[in-house]
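Right, one structure below, let's go through it.
Residue numbers run from 1 in the order of the sequence given.
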Amino acid sequence: MVFAAPGEALARAERVLRSGPSPLEASVAHQVIGIWQRDFGDLGVALDHLRHARDFAARADSAEREADVLGTLGVALVHAGRTRQGLAAFERGVARGNGHTRARVLYRRAYVWWVLGRHKEALEDLRRAIPVLRQAGDVIWTARALSVRATVHLAMGAVDRADADFTAAELLWETTGQEHDKAVAVENRGLAAYRSGDIPAALRLLAAAKERYDELGTPPFMLYIARCDVLMAAGLAPEALAEADTAIATLDRIGGQSTRKAELLLTAARCALSTGDAQTAVARAAVAVRLFSGQRRSWWETHARLVLIEARVAGGAASGRLVQDAAAVADRLVSFGAPASSEAFLLAGRIALSLGWTADAERHLGVAARGRHVGPPLARMTGWAAQALRARAAGSGRGVLEACRRGLDVLDDHRMTLGASELRARATAQGAELAALAQQASLAHGGPRRLLEWSERLRATVLAAPPTRPPADPALLASLTAFREIASRAEEARREGRPVPALEREQRRLEREIRARTHHTRGAAPGGGDRFDPARLLDRLGDARLVELTVLDGRVHILLCGQGRVRRFAGGALAEAVAEAEHVQAGLRRLAHPGAEARLPVVEAAGRRLEELLLGAAASRLGSGPVVIVPPGTLHRVPWALLPSLRERVLSVSPSAGSWLRARETEPPPGGRHVLVRGPGLATGGAEVPEVAGRYAAARILEHESAQVPRVLEELDGAALAHIAAHGTFRADSPLFSSLRMADGPLIVHDFERLARSPYRIILSSCDTARLASVGADELLGLVTALLPLGTAGVVASSAPVNDSAVVPLMLALHKGLGAGLSLAESLRDARAALPGDALHQATGWAFAAFGAA
């Protein structure tokens, strides 16, 4: 009953003990309480009850009862870190039991062997136990044994065998009332999906398992570990680290299993390493190594030592001793049959390369590279990274590029299985090293055109194909509606000075729910998206110039495309450019308010310095036609129109050359519907909207109560032009919750992603609507990048706070140009020139940029 109705089992056992039971009944009741406390509560309390259960079994003179209790006690002792005592209890239990009871004890010992990382012993005990359990018709214990065997197979990398056992176990569970065990079965399927590379399915199944655990009130510590692994694979390492830390704190609070604490510490170390926090990773991994060692868990200890060495190397350490340590860990992992051995050999090879030990590096990298053709996607990428490093050490530029191409092809296939744009963007971080190696090889062995190809290879890949539209999920739609209502109430409370903590907590809960549900969406089949073709770009540019900025080893390289060729120029240090861009942004924020005119010369001087750093000698070779700027993600906040050589030009910005090409070739929708939206709370009341409406016959105007999110989305879908005057909010912590304020609450990026086709042209006359978050290798998340893959060919938006009053004349002039048949970039250039010459209006013009090619 403990795993069918845990709370009821505990209550009934306690009632038995109060009723003056016989020794046999007391033994059973103490064992039930011991199991409950062992798995869901205080391990010290569990051990007390299980020792009582053992003693009462002896008084009852029941060898079978004593054997059964000894099996339960053995598990608890191992979880408490008392491995020698636990194994001794199993020896006695196996000796005391017969037939069916002995098979149950063998199953429990097999589980413990798995906990200890001794997989061969686990499989041997299961080989002896499963036939006996099946012959006895013991459905529950057979299903448990199959589940443990599947988990052992997973640890050894045998995903297909694991999946077969998990499936067989789940079929058996469906014939029982074991609700906790059924939740474990769902969790196990999620783990198998993760190991096979299906991240959305893994997230969905683990979420379903957690709902079941929550209903039962049973803390799922193994689930937390699995979720952390999946979140890291999805590029969500900060969330994984927070979840691991929360689980550790919960375990400490209830006095739970020390074995689980060690595993959670190892998981936290991996998460910290993925976030770039080497110091935290070293601290967590070192404690995990000590705990595993004390628990006699060599398999786990070796994995923790691998993470500890990785963290030390990430912190800047490199020595011959670390090469030896990494190689020793790799050999131990091979002896265990652990898939992580390839990762260890790669680490040993990296350190050896950094020390100039080429022979050692070749030996270790050669072993790591063997895994490039088999296993889940991220394991194969490890193999291709090793192969690329081998080729670089051998001086083979062609070999580096081939290995990088093959590795990034694996990543592309993996990314396309992810339906959510956020996960696709974050997953590119796993290919950053391969892309950098290829760029370095292109710079050393190829020409500017090849460097352009590789700069595009992992840039703005999310825009290459639209995200998979979430299914018509009633729960998701309900969460979005509830989120808008709560966010709207919180905003109203802030304006009125009322407390909002409860509303903010509920808003954060709904955000987590919405985000999780979008992450469950599976992508299309592998091979989606298109590949960048430099020849096609040069052909479509005409008299325009495209400037792609790429960063290698902290320096900006300028690739000037036009007139049928690609030329490379040297730029400045990236760190200097980022710092200068931040100064400019601060200056524009000041200039958005009257009385800051004295800041104008400072901002203009910063613009000149940015030009030197980011355009260099290319500034004088831009020709007289339009210019397209393609910056890296770290420079997306540069107000490009401020740079002297770009101020008078037709200027547009694009996240990648490939996305500019796609925008250039996007056809406007038939019908030419124009939609004008006016949100609440604007200082000017959206004064430009009525005047703009007069320029377009039959324009749809949404304002006041008609400017509610469902109606706005309905009108935006497939429109030729949309103008939205509304307060914009950028969320750096969660960019897909960046929003525009409508009458019923925020219109967020997740809402836009539900459109069948976003407007062909869209003008966002709001603050911060062009602000983006840089994630992954070189990806950007925000309002603008959400629109571009959904059918929008051009966007006008602001990268800084702007003065509402100064925006009105800019928008009117912009629409005048559009009415004359000009593009967004042409209209924006002319609109800037038409503004008054004071600092307030100039700063407003610089804050806006045209994105895309419409």
Show the numbers, then the answer: is there a side-chain hydrogen bond (donor to acceptor under 3.5 Å, both in side chains) between T518 and E422?
CA-CA 9 Å; T518 59; E422 179 183 9; 5.6 Å; no
Going by distance alone, is a donor N or O of one side chain under 3.5 Å from an acceptor N or O of the other, for [X] and [Y]?
X: S798; Y: T769; answer: no
X: S765; Y: E688; answer: yes
X: S734; Y: E511; answer: no
X: S654; Y: S659; answer: yes
X: R568; Y: H557; answer: yes
X: S442; Y: Q439; answer: no

Whether the side chain of [X] engages the backbone of [Y] through a donor-acceptor N/O pair (distance < 3.5 Å, no angle test) should be reported.
X: S488; Y: R484; answer: no
X: S652; Y: A853; answer: no
X: S706; Y: L702; answer: no
X: S656; Y: E456; answer: no
X: H727; Y: G681; answer: yes
X: D804; Y: L682; answer: no
X: D744; Y: V709; answer: yes
X: D778; Y: G633; answer: yes

Distance, nearest 0.5 Å, that separates [atom1] of [X] from [atom2] of [Y]:
X: L452; Y: L546; atom1: CG; atom2: CG; result: 8.0 Å
X: R609; Y: E612; atom1: CZ; atom2: CD; result: 8.5 Å
X: L643; Y: R608; atom1: CG; atom2: CZ; result: 11.0 Å
X: R700; Y: H674; atom1: CZ; atom2: NE2; result: 11.5 Å
X: H636; Y: T785; atom1: NE2; atom2: OG1; result: 9.5 Å
X: R599; Y: H593; atom1: CZ; atom2: NE2; result: 12.5 Å

How close do [X] and [Y] get, counting heavy atoms only, and between which atoms?
X: S645; Y: A619; result: OG-CB, 4.0 Å
X: V547; Y: L615; result: CG1-CD2, 4.0 Å
X: L812; Y: R695; result: O-NH2, 3.9 Å
X: A773; Y: F730; result: N-CZ, 3.7 Å
X: P759; Y: T792; result: O-OG1, 2.5 Å
X: G616; Y: I558; result: N-CD1, 4.0 Å

Quick one: do [X] and [Y] make a salt bridge, cutoff under 4.0 Å?
X: R741; Y: E491; value: yes
X: R495; Y: E492; value: no
X: R647; Y: E611; value: no

Under 4.5 Å between any side-chain heavy atoms of [X] and [Y], yes or no?
X: R459; Y: P655; value: no
X: I724; Y: L716; value: yes
X: S738; Y: T729; value: no
X: E453; Y: R457; value: no
X: V712; Y: D751; value: no
X: M742; Y: Q708; value: no
X: W660; Y: V653; value: no
X: I748; Y: L736; value: no

Step by step, would you call V584 with E582 a side-chain contact (heavy atoms from CB on, under 4.5 Å)?
CA-CA 5 Å; V584 167; E582 289 303 316; over 6 Å; no
Evaluate R731 against D733 for salt bridge (charged side-chain N to carboxylate O under 4.0 Å, His left out), listing each step before the verdict.
CA-CA 5 Å; R731 286 278 301 275; D733 64 317; 2.7 Å; yes
Within 6.0 Å of [atom1] in [X], more than 12 heavy atoms from elsewhere:
X: R545; atom1: CZ; value: yes
X: R498; atom1: CZ; value: yes
X: R450; atom1: CZ; value: no

Would R540 and E665 satisfy salt bridge (charged side-chain N to carboxylate O under 4.0 Å, His left out), going step by step from the backbone distance to the final call?
CA-CA 9 Å; R540 296 307 301 266; E665 295 169 356; 3.1 Å; yes
I would like to know whether E715 and R711 meet salt bridge (charged side-chain N to carboxylate O under 4.0 Å, His left out); could you show each step before the answer?
CA-CA 6 Å; E715 293 294 343; R711 175 73 190 284; 3.5 Å; yes
side-chain contact (heavy atoms from CB on, under 4.5 Å) evaluation trace for I763 with L721:
CA-CA 8 Å; I763 298 164; L721 172 68; 4.1 Å; yes
Could you walk me through whether T684 and S805 pass the side-chain hydrogen bond (donor to acceptor under 3.5 Å, both in side chains) test, one step at a time?
CA-CA 6 Å; T684 64; S805 298; over 6 Å; no
H815 ring center within less than 6.0 Å of H723 ring center
yes
Could you please spell out the steps behind the side-chain contact (heavy atoms from CB on, under 4.5 Å) verdict for M811 and F848?
CA-CA 10 Å; M811 291 296 112; F848 280 88; 4.0 Å; yes
Applying salt bridge (charged side-chain N to carboxylate O under 4.0 Å, His left out) to R426 and E779, what does each step give before you reach the verdict?
CA-CA 8 Å; R426 294 186 185 280; E779 301 286 338; over 6 Å; no
By side chain to side chain donor-acceptor pair (under 3.5 Å) - contacts of D830 (at least two apart)
none
Let's go through R649 and R829 carefully: what are the C-alpha distance in whole Å and the side-chain angles of both, what is the deciding distance for side-chain contact (heavy atoms from CB on, under 4.5 Å) to 0.1 Å, and is it a yes or a no?
CA-CA 7 Å; R649 290 182 177 277; R829 176 202 57 183; 5.7 Å; no
